[in-house]
Each structure stands twice: as structure tokens, then as C-alpha cells.
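These numbers come from a predicted model, not from an experiment. Each ligand, and each atom within it, is numbered from 1 in the order the structure gives.
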Amino acid sequence: MDAGTHKTRIFDSSASSLDRAAAILRDGGLVAFPTETVYGLGGDATDARAVAAIYEAKNRPQFNPLIAHFPDMDSAAKHVGFPPLAERLAEHFWPGALTLVLKRNPASAICDLACAGLDTLAVRVPAHAVARDLLRRTGRPVVAPSANPSGRLSPTSASHVIDVLDGRIDAVIDAGPCSIGVESTILAVTEDAVRILRPGGIPAEEISEAAGLEIAAAGDSGIIEAPGMMSSHYAPDCALRLNATQPLQGEIFLGFGEADHGPYSLSKKGDLREAAANLFSLLREIERTGASTIAVAPIPEQGLGRAINDRLRRAAAPRERG
Ligand code: TXA
Ligand code: MG
């Protein structure tokens, strides 16, 4: 929806309300819903425009990758691979306040913007009955960051959501306060190692015990990689030249609005939501042509343009590894 033009609807958690909320999600709308940790701002993970609208509603200056929510492990397993260790953790803690960052299945229909271009995906099966019922009725993976504007506290009731997002999202489902009240614990899991990316609802000790591995508690230096920070960011294999008005010899041009040379444009209409929705997939597509440099048209530094420029500047900067 367009910010400020509509009123946000408040739904109860009856079956008919959840059906209406699921229909809004399938149509590309935004619905805030309760989980046992915090209220999430949900959108269809396979719809890049819906995902762009989430960043816009949150006024996020950066495209952090988002968590995809599923009603059960089988539906999550269509989108990511579960090494045995991850399977053990999922069986032990799901449904619950645990998010697993796993290798994304290349056949997954989840859009590149949802994972900010990474080849991993964060997945979670929440324990809240209303959340799982909504996810089942929606029948699609739903990405949901906490339902607050960037820089504000995470909401643990529907009225918190309304206080900060009224008029910016289509609906909120009111099912009372969240029982846990802090976000999920995020783990990166590979074949033989578990790393805590964000401490949360499930303590490190419980995870160590279930995994049968020593996992350093969150807070030990060098262990936590702030989620979404540099080293986990997607960077294209080619160089980027920003604020370009036309391509130089050998460059491939990535246009925006009237700056348009060649087959690639983030949005010919100059629409920032469309540009955000296209950003990561177009960068990947151009990268695959073997281009050595992408010349990118100027993007206005406003609204979603700030997040687009943030990502372009990082991608253009000399590589940070490790
Ligand atoms: O409890 C929760 O986890 C809530 C509820 C709504 O489920 N959601 C939530 O989402 O806290 P959000 O977007 O506020 O935080 C997600 C965090 C971000 O810091 C992001 O950088 C990290 O997860 N993340 C997501 N995908 C990632 C990935 N592929 N690799 C590394 N970090 C990732
Ligand atoms: Mg948050």
C-alpha cells in the first residue's frame, strides 16, 4: 500500500480474519502478525515488490536480509538444505524462537531481495498458533522483520504496531501480547559448525546441549558476526561505477528512469520500489554476462533510494573479506 493513504485494518484471530489476512499477503500486501517472540511485519517472500514495500514501510536505510517464516519444517526444506546438525536443531527447537541460516536451494522461488542477494536464507518455524495458522492459510513463505520502523523498539503487542506503523501497512492481526518478547536466536549452521549470529529467545547453553557441540555464548568476542554486516553481504564479482550518466567503453549500464542505455534498467519509470525489487537479481544477471564493470545510473537519495544507494556503495567499495 502507499504510505499514509489508507488506514491499517485490525483483525482478530478468527478463521475468517486469518483467511482475509492470507489473501492480502498473497496479493502482495503487508500484514503484521504475532509470533511468540515479537510481532513481525509479513510479506510474500516470493514477491520482490512486497519485500521492497516492507523495507519502505520500515524506512530501513539498508537491505538487511530477512527471515522467512514457515508453518513446519517440511515447507522450509523446499527452500534450504538441512545438514544433519541443522535437522537435529530444528527437530529439537521448532516450532520456536530459533532461526537457522542455511544454504539456499537454487530452485527456491524466494526473491533475491529477501536474502539481500546472499546464497543463504534465514528460516524459522514460529511456535505461535496464530502465526502458524496464518502461514498455512497463506501457502507461501512469508518474510517478517520485527514490525517497527528502523531504530524503534520491536513491538510485542498489536497496539505497539499501530502506534508506529498505522497507515503504512494493510493490516495487523491482534492476538494479544507476545510471550517471549525478544527476537529469535539466529544460528548459522554448516555441516559441522554452529555460529551464533544473534542472541535471542533461546540461550546458547540450550543450543550447545541439543547440538552436542561447544558453542561459545553470544557475547564472546570474535564469535558474533553482526547479522547482515559486511562479511555476509553479497558483492558482485565485477566492479561498479556509480552515478554514471552513460557507459564507457566495455561497461554494462544499469539504468534508472530516463538514464537508460541498453537492456538493463532498475526501473524505466523511475519507481524506487520497482528498483529495489529488481536490484539484486539484475546485479546477478549482469554479473553472469562476464561484465568487468557495471555503470550504474544515479539513484535519488530518498525513501528506498537510500537503501539502494547504501548497497551500491558497499558493492562498489574495495572488497572486505573474512
Ligand atoms: O524473532 C524474530 O526473529 C522476529 C520475528 C518476527 O520472527 N524477526 C526478526 O527479524 O527479528 P529481523 O529482520 O528484525 O531480524 C533478522 C536478522 C537481521 O539482523 C538479519 O541481518 C539476519 O536476521 N539475517 C537474515 N538472513 C540472514 C542471512 N542469510 N545471513 C545472515 N544474517 C541474516
Ligand atoms: Mg528488528
Side-chain angles (χ1 to χ4, degrees), residues 30-43 45 51 54-55 57-71 76 79-81 86 93-105 108 110-128 130-132 134-135 141-158 160-161 164-165 169 172-173 175 178-190 194-202 218 224-234 280 307 310-311:
L30 304 187
V31 177
F33 64 95
T35 80
E36 73 279 23
T37 58
V38 299
Y39 273 69
L41 177 54
V51 177
I54 290 179
Y55 290 107
K58 284 182 66 82
N59 203 11
R60 252 195 191 177
Q62 294 173 340
F63 294 126
N64 287 336
L66 303 177
I67 300 171
H69 295 69
F70 298 90
H79 299 273
V80 286
F93 291 105
W94 281 354
L98 183 73
T99 294
L100 300 173
V101 173
L102 300 169
K103 264 269 182 292
R104 186 176 163 195
N105 175 348
S108 165
I110 289 179
C111 66
D112 285 329
L113 184 60
C115 347
L118 300 172
D119 58 5
T120 53
L121 175 68
V123 294
R124 166 159 122 81
V125 176
H128 200 293
V130 171
R132 294 177 77 197
L134 174 70
L135 292 167
V142 171
V143 279
S146 49
N148 53 283
S150 198
R152 305 287 295 269
L153 288 179
S154 295
T156 54
S157 73
H160 292 168
V161 177
V164 290
L165 290 176
I169 62 176
V172 54
I173 298 168
C178 304
S179 58
I180 296 182
V182 296
E183 281 96 342
S184 60
T185 302
I186 305 182
L187 299 181
V189 186
T190 56
V194 177
R195 218 154 30 100
I196 296 186
L197 299 181
R198 177 179 75 183
I202 296 177
I224 300 173
E225 178 186 324
M229 293 316 289
M230 279 301 187
S231 56
S232 60
H233 272 172
Y234 164 72
F280 291 103
D310 169 75
R311 185 45 52 103

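Among Ala147, Ser184, Gly200, Gly40, the residue whose heavy atom lies closest to atom 3 (O) of ligand 1 is Ser184.
Taken to the nearest 0.5 Å, the CG atom of Leu100 stands 10.5 Å off from the CG atom of Leu197. Distance CG/Leu187 to CZ/Phe93: 8.5 Å, rounded to 0.5 Å. The CG atom of Leu121 lies 8.0 Å from the CG atom of Leu102; values are rounded to the nearest 0.5 Å. Note that OG of Ser146 and CG of Leu66 are 10.0 Å apart. Values are rounded to the nearest 0.5 Å. Taking CG of Asp119 as the reference point, atom CG of Asn105 lies at 12.0 Å (rounded to 0.5 Å).
The nearest pair of heavy atoms linking Ala76 to Trp94 is CB-CZ3, 4.5 Å.
Neither the backbone nor the side chain of Arg195 has any atom closer than 4.0 Å to an atom of ligand 1 (non-hydrogen atoms only).
Salt-bridge check for Asp310 with Arg60: failed, with every basic side-chain N at 4.0 Å or more from each acidic carboxylate O.
Checked against a 3.5 angstrom limit, the closest N/O atoms of Thr120 and ligand 1 fall inside it. Looking at ligand 1, you won't find any N or O of Thr35 less than 3.5 Å from one of its N or O atoms. Inclusion of His69 in the set of residues having an N or O under 3.5 Å from an N or O of ligand 1 is warranted. Between Arg124 and ligand 1, a contact under 3.5 Å exists for at least one N or O pair.
Taking backbone and side chain together, Ser146 holds an N, O or S atom under 2.8 Å from the Mg ion (ligand 2).
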For Thr37 and Ser184: C-alpha separation, side-chain torsions, deciding distance, then whether side-chain hydrogen bond (donor to acceptor under 3.5 Å, both in side chains) applies. CA-CA 6 Å; Thr37 58; Ser184 60; 5.7 Å; no
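Within the 4.0 Å heavy-atom shell around ligand 1 one finds Ala144. For Arg104, the heavy-atom gap to ligand 1 stays at 4.0 angstrom or more. Using a 4.0 Å heavy-atom cutoff, Lys58 is absent from the residues neighbouring ligand 1.
The atoms of ligand 1 that sit less than 4.0 Å from any heavy atom of Ile186 are 17 (C), 22 (C), 23 (O). When each atom of ligand 1 is checked for a heavy atom of Ile67 under 4.0 Å away, the hits are 3 (O), 8 (N), 9 (C), 10 (O), 16 (C). Listed by number with element, the atoms of ligand 1 under 4.0 Å from a non-hydrogen atom of Leu118 are 28 (C), 29 (N), 30 (N).
Here the options are His128, His69, Glu183, Arg124, the test is side chain to side chain donor-acceptor pair (under 3.5 Å), and the partner is Thr35; only Arg124 passes.
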